K.L.:
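Pasting a structure below so you can have a look.
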Amino acid sequence: MLKMAITLAALLAVPGAAFAQTSEAQPPLEKREKRTDAPPISAYKIILVGDSTMAPGSGWASAFCAYHVKSNIACLNMGRGGRSTRSYQAEGSWKIALGEAAAPGYAKKYVLIQFGHNDQSTKAERWTDLNTDFQSNLRQMVLDVRAAGAVPVLVTPLSRREFRGGKLNNTLSAWADAVRKIGVEMKAPVIELNRDSAKAVEQLGAVESMKLAMAEPLPEEVAAGKAGTTLRPRPAPESPPASTLPKTGPRGRIVEKFDYTHVGEAGAKAFAKIVAYDLAIAVPELSSQLLP
């Protein structure tokens, strides 16, 4: 190891001119093609707007951007944990997303919108009424995206992985129906993530679908899944104290928790693949830019 370090140090000490004697920096001018300008690029942009089931570290959207788009697509995950159609707008995130949607230079821009999990919450800043403001919020989002010069694509909410009596308890099916209703009414494409994620989870079953979570289940959670009815999700562990974090470098942390809503790497990849397929069906003009 010491000998290698000495050798590397010796190499680094050699002037750059010494390397030029053994290899050309680039071919001589007479060996290069006559220079021309590259043709204009036809680039696309996909902006993903939603809650924690889309957000980095706990959702599927970062895996979608990493594995399912070609280089002609700029893919931006703007999913944020704990947000609903109401709070995402109230805090200003929606305004930021619309600014991204209005950016010039793209042949076409798409905004994928997925909410529902926190709209059905009871928390003061989150909850919306399923039959009134949830639908009116989605309706307005579609109009806003079009006004920004982009294409709105509605996404039905990712299914939870809770089971009752051996069957999936899809607590978001009514919210998915509302998304479909607005899609028909506003003539907006709809990605059927709730339907297709529910099918995938049902095929896996209660125990195997636990492998899609952020953290490992406890033995009693596995036992309950085998019996056909999953336990209530346990509270998330506390964030590590600041004193335990490194003093330099990245200090941000995402607390990994086991539940039936959020996803780890395996879950993110599984559901991102579903989204890619369904997006190609819902928006055929994008299909050549999407990877399976």
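Note that the structure is predicted; figures quoted are calculated from it, not measured. Quick note: residue numbers are just sequence positions, from 1.
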K.L.:
Within a radius of less than 6.0 Å around CD of Glu265, do more than 12 heavy atoms belonging to other residues, nucleotides or ligands occur?
P.N.:
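Not more than 12 within 6.0 Å, no.
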K.L.:
Are Leu286 and Val155 grouped together when hydrophobic residues (ILVMFWY) are joined by side-chain heavy atoms under 4.5 angstrom apart?
P.N.:
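They do share one cluster, since a chain of ILVMFWY contacts under 4.5 Å joins Leu286 to Val155.
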K.L.:
Would you please test Leu290 and Val69 for side chain to side chain contact (heavy atoms under 4.5 Å, CB included) and show each step?
P.N.:
CA-CA 5 Å; Leu290 298 172; Val69 300; 4.1 Å; yes
K.L.:
Please check: side-chain N/O of Lys109 versus main-chain N/O of Ala103, any donor-acceptor pairing under 3.5 Å?
P.N.:
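Yes, the answer is positive, given that a donor and an acceptor are paired below the 3.5 Å cut-off.
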K.L.:
Does the pair Ser52 and His262 meet the rule for a side chain to side chain donor-acceptor pair (under 3.5 Å), with working shown?
P.N.:
CA-CA 7 Å; Ser52 57; His262 304 95; 2.8 Å; yes
K.L.:
Evaluate Lys31 against Glu24 for side chain to side chain contact (heavy atoms under 4.5 Å, CB included), listing each step before the verdict.
P.N.:
CA-CA 12 Å; Lys31 291 186 178 180; Glu24 295 178 344; 5.6 Å; no
K.L.:
Using the side chain to side chain contact (heavy atoms under 4.5 Å, CB included) rule, take Trp94 and Arg83 through it: C-alpha gap first, then chi angles, then the decisive distance, then the call.
P.N.:
CA-CA 11 Å; Trp94 183 239; Arg83 272 61 168 193; over 6 Å; no
K.L.:
Give me the atom names and distance for the closest heavy-atom approach of Ile274 to Ala200.
P.N.:
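Ile274 and Ala200 have their closest heavy atoms at CD1-CB, 4.2 Å.
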K.L.:
Rounded at 0.5 Å granularity, tell me how far CG in Leu172 sits from CG in Asn170.
P.N.:
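Separation between the atoms: 6.5 Å.
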K.L.:
What distance separates Asp278 CG from Glu192 CD, expressed to the nearest 0.5 Å?
P.N.:
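Atom-to-atom, Asp278:CG and Glu192:CD are 7.5 Å apart.
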K.L.:
Please find the pair of heavy atoms, one from Met210 and one from Gly225, that lie closest to each other, and give the distance.
P.N.:
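Between these two residues, the closest heavy atoms are CE-CA, 4.0 Å.
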K.L.:
Are any side-chain N or O atoms of Thr156 and backbone N or O atoms of Ala176, one a donor and one an acceptor, separated by less than 3.5 Å?
P.N.:
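Checking the backbone N and O of Ala176 against the side chain of Thr156, no donor-acceptor pair under 3.5 Å is found.
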K.L.:
Quick one: do the Asp129 and Thr132 side chains pair a donor with an acceptor below 3.5 Å?
P.N.:
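Yes, because at least one side-chain N or O of Asp129 sits under 3.5 Å from a partner of the opposite role on Thr132.
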K.L.:
Which heavy atom in Met214 sits nearest to a heavy atom in Gly57, and how many Å separate them?
P.N.:
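Of all heavy-atom pairs spanning Met214 and Gly57, the closest is CE-O, 3.4 Å.
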K.L.:
Are Val190 and Leu130 linked, directly or through other ILVMFWY residues, by side chains that come within less than 4.5 angstrom of each other?
P.N.:
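Both belong to a single hydrophobic cluster.
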K.L.:
When you look at Ser93 and Arg80, which way does the side chain to side chain donor-acceptor pair (under 3.5 Å) test go after all the steps?
P.N.:
CA-CA 9 Å; Ser93 286; Arg80 306 193 197 284; 2.8 Å; yes
K.L.:
Calculate, to the nearest 0.5 Å, the distance between atoms CZ and CG belonging to Arg161 and Leu204 respectively.
P.N.:
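If we round to the nearest 0.5 Å, Arg161:CZ and Leu204:CG are 10.0 Å apart.
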K.L.:
Quick check: does any side chain N or O of Thr85 sit under 3.5 Å from a backbone N or O of Leu138, one acting as donor and the other as acceptor?
P.N.:
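Flag not set: sc Thr85 to bb Leu138 has no pair under 3.5 Å.
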K.L.:
Side chains of Trp60 and Gln114: is there a donor and an acceptor less than 3.5 Å apart?
P.N.:
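Checked: Trp60/Gln114 side chains pair up, N/O donor to acceptor below 3.5 Å.
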K.L.:
Applying side chain to side chain contact (heavy atoms under 4.5 Å, CB included), run through Phe64 and Ile46 and close with a yes or a no.
P.N.:
CA-CA 11 Å; Phe64 171 82; Ile46 296 178; 4.2 Å; yes
K.L.:
A quick test of your reading: do over 12 heavy atoms of other residues, nucleotides or ligands sit less than 6.0 Å from CD of Glu238?
P.N.:
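For Glu238, atom CD is not crowded (no more than 12 foreign heavy atoms under 6.0 Å).
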K.L.:
Do Arg126 side-chain atoms and Arg86 backbone N/O form a donor-acceptor pair below 3.5 Å?
P.N.:
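Not confirmed, Arg126 side chain does not pair with Arg86 backbone.
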K.L.:
Nearest 0.5 angstrom please: Leu76 CG to Leu48 CG, how far?
P.N.:
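It comes to 7.5 Å.
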K.L.:
Does a side-chain heavy-atom distance below 4.5 Å link Thr53 with Pro157?
P.N.:
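Contact flag for Thr53/Pro157 side chains = no.
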K.L.:
May I ask you to check whether over 12 heavy atoms, not counting those of Glu33, lie within 6.0 Å of atom CD?
P.N.:
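For Glu33, atom CD is not crowded (no more than 12 foreign heavy atoms under 6.0 Å).
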K.L.:
More than 12 non-hydrogen atoms from neighbouring residues, nucleotides or ligands closer than 6.0 Å to CZ on Arg232, yes or no?
P.N.:
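Atom CZ in Arg232 is not packed in, count stays at 12 or less.
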K.L.:
Work out which heavy atom in Thr230 is nearest to a heavy atom in Ala206; give both atom names and the distance.
P.N.:
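Looking at all heavy atoms of both residues, the closest pair is CG2-CB, 4.3 Å.
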K.L.:
Report yes if the side chains of Lys108 and Gln289 come closer than 4.5 Å at any heavy-atom pair, otherwise no.
P.N.:
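No. Closest side-chain heavy atoms not under 4.5 Å.
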K.L.:
Out of curiosity, does Leu154 fall in the hydrophobic cluster containing Tyr110 (side-chain heavy atoms, cut-off under 4.5 Å, transitive links)?
P.N.:
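Not linked; separate clusters.
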K.L.:
Please report the closest heavy-atom contact between Ala215 and Phe258, naming both atoms and the distance.
P.N.:
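Minimum heavy-atom contact is O-CD1, 3.2 Å.
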K.L.:
Please check if the number of heavy atoms outside Glu216 that lie under 6.0 Å from its CD is greater than 12.
P.N.:
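Counting other residues, nucleotides and ligands, CD of Glu216 stays at 12 neighbours or fewer.
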K.L.:
How about Val179 and Phe115: do any of their side-chain heavy atoms sit closer than 4.5 Å?
P.N.:
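Not touching, per the 4.5 Å side-chain cut-off.
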K.L.:
Looking at Arg139 and Asn137, would you say the former's side chain and the latter's main chain have a donor-acceptor pair under 3.5 Å?
P.N.:
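Not at all, since once roles are kept as given, no pair shorter than 3.5 Å links the two residues.
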K.L.:
Main chain of Pro27, side chain of Arg32: is a donor-acceptor contact present, judged purely on distance under 3.5 Å?
P.N.:
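At least one qualifying donor-acceptor pair exists.
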K.L.:
As a quick check of understanding, evaluate side chain to side chain donor-acceptor pair (under 3.5 Å) for Asp119 and Trp175, giving each step before the final call.
P.N.:
CA-CA 9 Å; Asp119 287 83; Trp175 298 82; over 6 Å; no
K.L.:
Is the shortest heavy-atom distance from the side chain of Ile47 to the side chain of Val145 under 4.5 Å?
P.N.:
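A side-chain contact under 4.5 Å is absent here.
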K.L.:
Look at the side-chain heavy atoms of Ile, Leu, Val, Met, Phe, Trp and Tyr, link any pair under 4.5 Å apart, and say whether Leu291 and Ile73 land in one connected group.
P.N.:
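Leu291 and Ile73: separate clusters.
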K.L.:
For a 4.5 angstrom cut-off between non-hydrogen side-chain atoms, does Leu168 reach Ser159?
P.N.:
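SC-SC contact between Leu168 and Ser159 confirmed.
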K.L.:
Enter the distance from Glu91:CD to Glu125:CD here, rounded to the nearest 0.5 Å.
P.N.:
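It comes to 9.5 Å.
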K.L.:
Answer yes if Leu193 and Val201 sit in the same cluster of Ile, Leu, Val, Met, Phe, Trp and Tyr residues linked by side chain heavy atoms under 4.5 Å apart, and no otherwise.
P.N.:
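In one cluster with Leu193: Val201, yes.
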K.L.:
Keeping the roles fixed (side chain from Thr261, backbone from Arg160), state whether a donor-acceptor pair exists under 3.5 Å.
P.N.:
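No: the side chain of Thr261 does not pair with the backbone of Arg160.
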K.L.:
What distance do Thr229 atom OG1 and Lys167 atom NZ have between them, rounded to the nearest 0.5 Å?
P.N.:
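Reported value, rounded in 0.5 Å steps: 12.0 Å.
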K.L.:
Using a 4.5 Å cut-off on heavy atoms from C-beta on, say whether the side chain of His68 contacts that of Val275.
P.N.:
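With C-beta onward as the side chain, the pair stays apart.
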K.L.:
Which heavy-atom pair separates His117 from Asp51 by the least distance, and what is that distance?
P.N.:
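In this case the closest contact between His117 and Asp51 is ND1-OD2, 3.4 Å.
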K.L.:
Start with the C-alpha distance between Glu221 and Tyr260, add both sets of side-chain angles, then the distance that settles side chain to side chain donor-acceptor pair (under 3.5 Å), and finish with yes or no.
P.N.:
CA-CA 11 Å; Glu221 289 165 333; Tyr260 310 99; 4.8 Å; no
